Amino acid sequence: MDFLMGNIWLWGPITAVVIAAVITVNALVSVWLERKVSAWMQNRLGPMENGPQGILQTVIDAVKLILKEDIIARGIDRPLFKMAPYIVFGASFAVFAVTPLARGISPADLDVGVFYVLAISSFVAVGIMMAGWSSNNKWSLYGALRGVAQAVSYEVPLSIAVLTVVMAAGSMSLQTVCVAQDGGFWNWNGLALHRNPFLVGSFLIYFIASLAEVNRTPFDLPEAESELVGGYHTEYSGMRFALFFLAEYANMLAAGILASVLFLGGWQPLLPALDFVPGPVWLFGKAYFFVVVQIWIRMTLPRLRVDQLMYVCWKVLVPSALAMLVLGGLWQLMIQG
Amino acid sequence: MESRELFLHGSRVPDAGPDGELMTLNMGPQHPSTHGVLRLELKTDGEEVAQVRPHIGYLHRCFEKHCEKLTPPQIVPYTDRMDYLAAMNNNLGFAIACERMMGLEVPEKVEYMRVIVAELNRIASHLIAIGTFGLDMGALTPYFYCFRDREMILDIFEEVCGARLLYNYIWVGGLSHDFQDDTDDKILRFCDHFDKRLDTELNPLLSFNKIFVKRTANVGVMTPEQAWSMGASGPSLRGSGVDFDLRRDDPYSVYDRFQWKVCVGEGLMGTVGDCWDRHWVKVLEMKESVKILRQAVAARPKDGDVKEKVPTRVKLPAGEIYCRTETPRGELGFYIVSSGGNQPERVKVRPPAFCNLSVIDEISRGALIGDVVAILGSLDIVLGEIDR
Amino acid sequence: MAYFGDIAEGLMTAFKGMGITLSRVREKPNTVQWPHEAATTKARTRGELFNNIDDCIGCMNCAKACPVDCIDIVTVKSTKAVDLGRTSNGKKKTLHLATFDIDMAKCCYCGLCVEACPTECLVMTEKFDYSTATVTGLHYSFARMSESDVRAAQEALEEEKRLAAIAAAEAKVKAEAEARAKAEAEARAAAEAAAAPAPAGSEPTPTPEQSAAPDAPQADAGTPAPDAPTA
Amino acid sequence: MDFAALVQHLRAALPDAVLEEHPEAFSPWILVRREALGELALLLRDDPALDFNQLMCLSGAHAPSTDADRLWNVLHLFSVRHGHKLALKVVLDAADPACPSVAGVWATADWHEREAYDMVGITYTGHPDLRRILCPDDWQGHPLRKDYVAPATYNGMPLD
């Protein structure tokens, strides 16, 4: 095992292929989940035709997207336009590299794992900007501007909220963060009122900010379809659009994974006695719980306006995240010594 | 937030940017929230909108030209297609105009049934208005709940007249079909269901949702003076706090026999006349419609033939009339000129949404792009009616 | 404090809304899996038009009532010798139906034609799913006469007309002779009595085709028909 | 005020504006001298005794065949405070279809006058933005004129 882990040339490609497979399958599953959950909440049935409960519908959609004509309109900045989906996809792809799957097992256990995730995921904004700018479409440009403004702004409360956890665990390695939440669900950061109640507040702030980071309702302004037609990906079609699509759902899962690692113990079982269930099952179970909650929120809430988006970030989330950080730190100093 | 509030009260219209340039942005004709094929030419400074120029006519289907060649009974199906979300109300407006010209008295039973179907259709139309308004705001689910309830109304209509959207039900002098035996029960059952759903589902999910309120309150404020001057009517007028409803103030049919009240915007969440008020007036109006429905179903005479007074040949006497009725969108007027022939010489329609839409420039200056969508949604336009 | 109130209200209303959407998961779906399940149509549903040609008398009322002119009828008058029978509600049929076409692609489903039909042979069925690959596939022809039938009927009619014209001419000659005789007799009588001249009572000659007012209400099959199918 | 009183009031205020009155019509109307329309409109809106604050409808019509080649510009007014209605009609010669605009008096008239211009070709003098509204900007002719013949093509596209 150590040999394997040590040999980056062997381990790297295998990990990449596995992550790519996970992302693809995740997109299929998440899209299906989104359709089904929204249908159930709206007294509908959702896709029913292909496969039991329409589970193969997304496969067929994916095939359709791949077969579709790739339209590149005149007046478009072609190199940027073509590169943008890969950057967006690549960024969300790379986030998975540090996922702690089980005790001691991660594709790459970086010492600065948290830092890496935050840095890489904000790279998505660059892709969005490129897509919006190169499309030579006013709606795309609006979407891109909104997307970048939002990503940059929400990075702040998100990072501060994550910092609270890092402070509690004393490490930036995601593996260590998980290990620190050992011993049953009452010790998970997001639920451990007895250990550090301010982490629970951070949990809420983190979750709200992560919604904005992955452009989900109520913060889906970059692609607000009722305002901006399609936002930054208005001009995309076919496989390039599919990459944006994949990236969006990969981001949803990544946000879910990070939330479960930081606040719900990652691969930690619900109870220590349930240790026999493998770690990845727990991790993905929790991550998909967050994905479903994201869908659930999307089906419930309207969208914010662009100035309100900034208001929520700078006037609500940043101050409260800072408060959580300071109070959490004080708590740790005073109570835990 | 303070500076935004200033714009919204019209004290500051954004100037052109530092280099004197505004960007022209074409919203539509293909755009998800223009409710049809409307083109809004926006002059924007960043996200701020300096001017809105609506361009209409993309759905022009020559209604008025067709009317020159059709007899009044043949025009009725065409009126369906103007405001296709409230076809009953359009039928009613045209039928009443013709009947007033001909001096035709319709039986009391028919009058009551007309009120019942018109109010049902008002609810159906408001449900779409509210659902799509929520959709414009990004709330997906209320839309489906609204459609679910509207479906019950459409089922009743289908049972009564055979069509679900374009009814051709209210004829000059009568109705095309009588109600079925269990229609009254179905209507009452719908009323019970709907009353409950409105309070437990739509209002908490949409009307009082904080994000929704923040998106719509203090946005697109229309003053009563603006409303009167621009000819706004219906919920858009009442949303500005004007207590005026043609059903009460220029009564037609048997509306004067029911106990109900005209709902006006009160600025509950912000300023009087903002988008939230226009939305709220629609919600309240649906409740009032349910009240009218309950009374009308209880009071309606059950015996008699609904086609008793339908003339075998509808011939409008020479003369001209302007007749207006209150559709879900406001004042629908028909100006009919006849010289006594089989076909009217001229039918001019005064569509409510036409006038409501013309307000949009005045009330959305200084708003953001997202607000324009909200304002457009709250005005509740139907392009089929604007363009005819 | 409005600041904290707003935040609290925002969170509370969001949670309330989420509660509502979640509770709807338990409810039964409101949709129907058409075409696997039957769609619910009602007895009065206005769907595809159907004409029972056996009962059709070719009165054109439906074509006249139609606001979009989607019904095309061509009739040939039958000769006296031919008995076309009666409709199921007892109306006598006097016209051959050369063409009875309905263009369902144009139809606006208003139902005015059905109301206008005196024999209730034109009905709107409950069928609503009859999409076709081509627009012409929605062009329905209900008439059952072949081209040769139509030609035969026309020829028969023309023959009858010719005979009628001859008969009319004869009758006219006869009538004129009678009238002359009458006039002479009257003139004689007038001369005799030296009274006011009697009015010349010239009887209208019966023409084979009586033209009615185009918009007169027609309860029965009194409509004139074009002599030959056009086009 | 009822119709007779309205007309009396108007005749007193502007003696030569009202040419005819038709109280017997379904919607009683007065015939207004073309040149006096603007002044009369201001009076109708601003006189507290009249207070016509709503222009319900403004229609352009090509007069029925009984009335030679004339265009009508018909205004239907309503006063919320007094609850009275009045219809004004200006009869124009089809060859000289200029009519004063009332868009400055009632903003509703803006779009309605554009529509009347588009449909029957009344040219409103003093209108801020007299463009076609329902038909395309480069459309030929005014479709609701009695002598209008539908064009066979539009910009090379056959119109069937």
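In this text, all values refer to a predicted model and were calculated from it rather than measured experimentally. Atoms considered below: every heavy atom in the structure, side chains included; atoms not considered: hydrogens, waters and symmetry mates. Per chain, numbering begins at 1; letters A, B, ... match sequence-line order.
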Report, as yes or no, whether the 6.0 Å neighbourhood of atom [atom1] on [X] holds more than 12 heavy atoms from other residues, nucleotides or ligands.
{"X": "A/F203", "atom1": "CZ", "value": "yes"}
{"X": "A/W133", "atom1": "CH2", "value": "no"}
{"X": "A/F123", "atom1": "CZ", "value": "no"}

Donor-acceptor contact present, side-chain [X] to main-chain [Y], <3.5 Å:
{"X": "A/R305", "Y": "B/L368", "result": "no"}
{"X": "B/E47", "Y": "A/V306", "result": "no"}
{"X": "A/K138", "Y": "B/T24", "result": "yes"}
{"X": "B/T141", "Y": "A/Q42", "result": "no"}

If every non-hydrogen atom of [X] is compared with every non-hydrogen atom of [Y], which pair is closest and at what distance?
{"X": "B/Y145", "Y": "A/M41", "value": "OH-O, 2.6 Å"}
{"X": "B/N209", "Y": "A/P302", "value": "OD1-CD, 3.7 Å"}
{"X": "A/R303", "Y": "B/D136", "value": "NH1-O, 3.7 Å"}
{"X": "A/W139", "Y": "B/N26", "value": "CZ2-O, 3.4 Å"}

When the 4.5 angstrom heavy-atom criterion is applied to B/M23 and chain A, the contacting part is side chain
Okay, B/R148 and chain A: the region with an atom under 4.5 Å from a heavy atom over there is side chain
Counting heavy-atom pairs under 4.5 Å with chain A, the top scorer among B/A139, B/G377, B/P142, B/A374 is B/A139
With chain A, the option among B/V373, B/I211, B/L140 that has the most non-hydrogen atom pairs under 4.5 Å is B/I211
Original post:
Side chains of A/L301 and B/F212: closer than 4.5 Å at any heavy-atom pair?
Top reply: no
Are any non-hydrogen side-chain atoms of A/N43 and B/F144 less than 4.5 angstrom apart? no
To the nearest 0.5 Å, atom CG of A/L228 lies from atom NE2 of B/H31 at 7.0 Å
